[in-house]
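Structure, as structure tokens:
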Amino acid sequence: MSDFRIKDFLDRLGELGLLFSATRLADGSIRLNQWRGINYYENEPEIRRIWSDAMDGREGRAQDIARYVELTQSRARSLKAA
């Protein structure tokens, strides 16, 4: 069983300057968007290493992350609307 935790992964990359959003496409799939923060370039080698370690050889993990990001985005929007 994998000990991969999406929230921890996203939090770590966010601290280093790589942020994510998700976009639902017309065919029902979800696109994972990456946004470079101000400190991305000074941390780029570490970001690439973390991404590679988490994603290489793991089919479907990007979609799992995209679903998680979409879910958390939806919750954040509904909390702002309340």
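These numbers were taken from a predicted model, which means no experiment stands behind them.
- Contact of the I65 side chain with the F4 side chain is registered, since non-hydrogen atoms from C-beta on lie closer than 4.5 Å.
- Note on I30 and L71: separate hydrophobic clusters, where clusters join Ile, Leu, Val, Met, Phe, Trp and Tyr whose side-chain heavy atoms are under 4.5 Å apart, directly or indirectly.
- With a 6.0 Å radius and a threshold of 12 heavy atoms from other residues, nucleotides or ligands, I38 has its CD1 atom at or below the threshold.
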message: Pair R12, E46 - check side-chain contact (heavy atoms from CB on, under 4.5 Å), show working.
response: CA-CA 10 Å; R12 179 67 181 129; E46 186 174 359; 2.5 Å; yes

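- A pairwise comparison of heavy atoms in D56 and R58 identifies O-NH1, 3.1 Å as the closest pair.
- The CG atom of L18 lies 12.5 Å from the CD atom of E15; values are rounded to the nearest 0.5 Å.
- Counting all heavy atoms, side chain and backbone alike, A22 lies closest to A66 at CB-O, 3.6 Å.
- Annotation: side chain of I50 is in contact with side chain of L16 (closest heavy-atom distance under 4.5 Å).
- Annotation for N39 and N43: closest pair O-ND2, 3.0 Å, computed over non-hydrogen atoms.
- How far NZ of K7 is from OH of Y68: 5.5 Å, rounded to the nearest 0.5 Å.
- Annotation: the span from L10 atom CG to L32 atom CG amounts to 8.0 Å, rounded to 0.5 Å.
- Salt bridge absent: R67 and E70 never bring a charged side-chain N and a carboxylate O closer than 4.0 Å.
- One hydrophobic cluster holds both F20 and Y41 under the rule that ILVMFWY side chains link at heavy-atom gaps under 4.5 Å.
- Comment: D64 does not engage R61 in a salt bridge, judged by the lack of any side-chain N to carboxylate O separation of less than 4.0 angstrom.
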message: Applying salt bridge (charged side-chain N to carboxylate O under 4.0 Å, His left out) to D53 and R49, what does each step give before you reach the verdict?
response: CA-CA 6 Å; D53 289 349; R49 183 190 54 75; 3.3 Å; yes

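- The environment of CZ in R48 is sparse: at most 12 heavy-atom neighbours from other residues, nucleotides or ligands sit within 6.0 Å.
- Taking the side chain as every heavy atom from C-beta outward, L13 and Q34 never approach each other to under 4.5 Å.
- Of all the heavy atoms in G14 and L19, the pair that sits closest is CA-CD2, 3.8 Å.
- Aromatic ring pairs are classed by plane angle as parallel below 30°, tilted from 30° to 60° and perpendicular above 60°; the pair F9 and W51 is tilted.
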